[in-house]
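Chain letters run A, B, ... following the sequence lines, proteins first, then strands; residues in each count from 1. Both backbone and side-chain heavy atoms feed into the values below; hydrogens, waters and symmetry mates do not.
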Number of protein chains: 2
Amino acid sequence: MKRFKAIVAYDGTRYHGWQLQANATTIQGELEKALYTILRVFTRVHGAGRTDSGVHAVGQTAHFDAVWKTKPQALLRALNAVLPRDIAVSRLEIADSRFHCQLSAKAKTYEYAIYNDEVRAPLSRLYAIHVNRPLDVSAMNEAACVLVGTHDFASYGSPPERGGSTVRRVHSADFVYENGLLRFRITGSGFLRYMVRCIVGTLLRVGLGKISPDGFRRILEARDRDASGPTAPPEGLCLMSVAYENALSVHPEGAELPRIR
Amino acid sequence: MKRFKAIVAYDGTRYHGWQLQANATTIQGELEKALYTILRVFTRVHGAGRTDSGVHAVGQTAHFDAVWKTKPQALLRALNAVLPRDIAVSRLEIADSRFHCQLSAKAKTYEYAIYNDEVRAPLSRLYAIHVNRPLDVSAMNEAACVLVGTHDFASYGSPPERGGSTVRRVHSADFVYENGLLRFRITGSGFLRYMVRCIVGTLLRVGLGKISPDGFRRILEARDRDASGPTAPPEGLCLMSVAYENALSVHPEGAELPRIR
């Protein structure tokens, strides 16, 4: 038995998010189905971030344990041959047996894409939201600076479990123009459910002049879910990467692998 | 009656191309339907390039004649409110009454996008083709140079009408890397049907080492449809822009418009 670390990319449009559901198609479900097709044994796939319905990923990270006698590259090819066209495993490596994609994660980076023009752009519509009124990007960036650091993000989400913490550390958060799209990039130790989309929804209100950067600071300080703006739609969001300590995520011997069971 | 010049963008995925068809959904058909909804009179829409089934556009150019008492911007907004999400009019202007989007066109630019990596990319799959073997881009660019100039492109397409000419002038043709995609950009006086896709299909064979740049030159010189490579799939192709002499395409008086009927 070896532990595999997989980088997974997907177009979330037609999926009910990452996490397995009884009567809906999910990314986790499709990956477990593909592994069953290849290995003929049920294989649990763990994901680093439980992306919501309609959210995309280029750098989702997963892990699973499997008996596989040949090179990881052969399993990667088999998976991509079996998976639907809107999901792909872009990288597959043997990891240390202690590697856990969620618990070992040091940081995650998300991007939220906005097409800001009077007229909508059909070729961007699946991966960016359209905002037709002009946005004050410098005000949005001024407000985004408030997010950086360790804060209680209770205004932007609920704890994952009852009584859990809503404190998270944000390493960076800013807007950049890239290839005709305005992209909000945020890196942090972890994120509450809907946190990025709720932050973007509130920052858009800053961009439209409805909230000042200082008002944005007060919303964060309020630690009140009702203080923040609307949750931005899912199609603009993409999980870009999950960062780990290299020593743990990739086994130094490569093909020479530890037995974990 | 005024003549309108429209820049049209569309995701061609679910359409049977630009041109009106009896039992299939087309871009021209959707535009004429939208104009009928707004104007309550049948309006013929002419297009500069008859893009094929599955081909995209960001700069398709169209023209139509309509009675419209207010600003073009109001008609643009009405059109975009009525059109399906995968079609948009990005610009609408009053043109000279002699302007004809197809006959007045001086040049057209197409792009063909290729994702060249061992593993496919789900978020590019609708707008780029996936080539999993390494491509020799410098050999492809060397071959592409052969296309520049005035040539008989009979190896890459049939004349639009019986006995018509297959001579076209290509102004530029090259491959560039941009945002993780390899893009073939070609600008020319006009293109035969399937010409760009057939050129790309043949250039890919150069990139894979199956045809030399000199062999590519001989294919062009053969003036024989059977000499060229396979036609590349439609989803990689996008009509980027159509160029006109400014004087003709935009009426100098703007809102002060000529009567054309």
Can you tell which of [options] has the highest number of heavy-atom pairs within less than 4.5 Å of chain A?
{"options": "Glu118(B), Arg85(B), Arg120(B)", "value": "Arg120(B)"}
{"options": "Asn132(B), Val89(B), Asp86(B), Thr13(B)", "value": "Asp86(B)"}
{"options": "Gly12(B), Ala121(B), Ala9(B)", "value": "Ala9(B)"}

Segment of [X] engaging chain A (4.5 angstrom heavy-atom cut-off):
{"X": "Asn80(B)", "value": "both"}
{"X": "Ala57(B)", "value": "backbone"}
{"X": "Glu178(B)", "value": "neither"}

Between Tyr10(B) and Tyr15(B), is the ring centroid distance below 6.0 Å?
no
Quick check on Leu83(A) against chain B: is it the side chain, the backbone, both or neither that has a heavy atom closer than 4.5 Å?
both
Bottom line for Leu123(A): the part with an atom under 4.5 Å from chain B's heavy atoms is both
If you draw a 6.0 Å radius around CZ in Arg125(B), do more than 12 non-hydrogen atoms from other residues or ligands fall strictly inside?
yes
Heavy-atom count check: over 12 atoms from other residues, nucleotides or ligands less than 6.0 Å from His16(B) NE2?
no
Polar side-chain atom of His56(B) near backbone of Asp11(B) as donor-acceptor pair, under 3.5 Å:
no
Which residue, Glu111(A), Gln60(A), Arg50(A), forms the side chain to side chain contact (heavy atoms under 4.5 Å, CB included) with Leu239(A)?
Gln60(A)
Tell me, do Leu204(A) and Ile129(A) make a side-chain contact under 4.5 Å, heavy atoms counted?
yes
